[in-house]
Amino acid sequence: MPSNAPLWVKLSLWGLESRTAVLGFMWFCVLAALGFIAYAVSSGEPQFYAGTVFLAAAFPYWRAVKWMDRNDGWTHWTR
């Protein structure tokens, strides 16, 4: 992790060891949200719209990847 990384980047990447892992979690969140939305629409059970919070979880992952890409953070990734 670059020492100049903002706190929100450090928290978003906490415990994840590679760009691939971060993107995997991001896409999992997006797909989970879409699954919950699809189920809510098809079943008529509106409480499953709460699954859209997964989109709120995907956003910091995406922003952290962008920050690391712009700041050459992946080449200096150390544990």
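These numbers come from the heavy atoms of this one structure, side chains and all, not from hydrogens, waters or symmetry mates.
- F28 and I37 sit in two unconnected hydrophobic clusters of ILVMFWY residues. Membership requires side-chain heavy atoms under 4.5 Å apart, directly or through other members.
- Here R19 contributes atom CZ and M26 contributes atom CE; the two are 9.0 Å apart, rounded to the nearest 0.5 Å.
- Residue E45 holds its CD atom at 12.0 Å from CZ of F36, rounded to the nearest 0.5 Å.
- In this pair, Y39 and F48 present their aromatic rings perpendicular. The plane angle is above 60°, beyond the 30 to 60° band.
- Side-chain heavy atoms closer than 4.5 Å link hydrophobic residues (I, L, V, M, F, W, Y) into clusters, and following such links, possibly through other members, connects V65 to F59.
- The neighbour count for F25 CZ, taken as heavy atoms of other residues, nucleotides or ligands under 6.0 Å away, does not exceed 12.
- For K10, the NZ atom counts as densely surrounded, since its 6.0 Å shell holds more than 12 non-hydrogen atoms of other residues, nucleotides or ligands.
- In this structure, V30 and L55 approach most closely via the heavy-atom pair CA-CD2, 4.2 Å.
- A heavy-atom distance below 4.5 Å is not found between the side chains of V22 and M68.
- Hydrophobic clustering of Ile, Leu, Val, Met, Phe, Trp and Tyr side chains at less than 4.5 Å, counting indirect connections, unites W62 with L23.
- Placement of W67 and L11 in two distinct hydrophobic clusters is found when ILVMFWY residues are connected by side-chain heavy-atom separations under 4.5 Å, directly or transitively.
- Between T52 and A33, the shortest heavy-atom contact is CA-CB, 4.3 Å.
- Counting all heavy atoms, side chain and backbone alike, C29 lies closest to Y61 at SG-CE1, 4.1 Å.
- A distance of 9.0 Å separates CG of L7 from OG of S12, quoted to the nearest 0.5 Å.
- Scanning all heavy atoms of the two residues, the minimum distance from W8 to A64 falls at CZ3-N, 3.6 Å.
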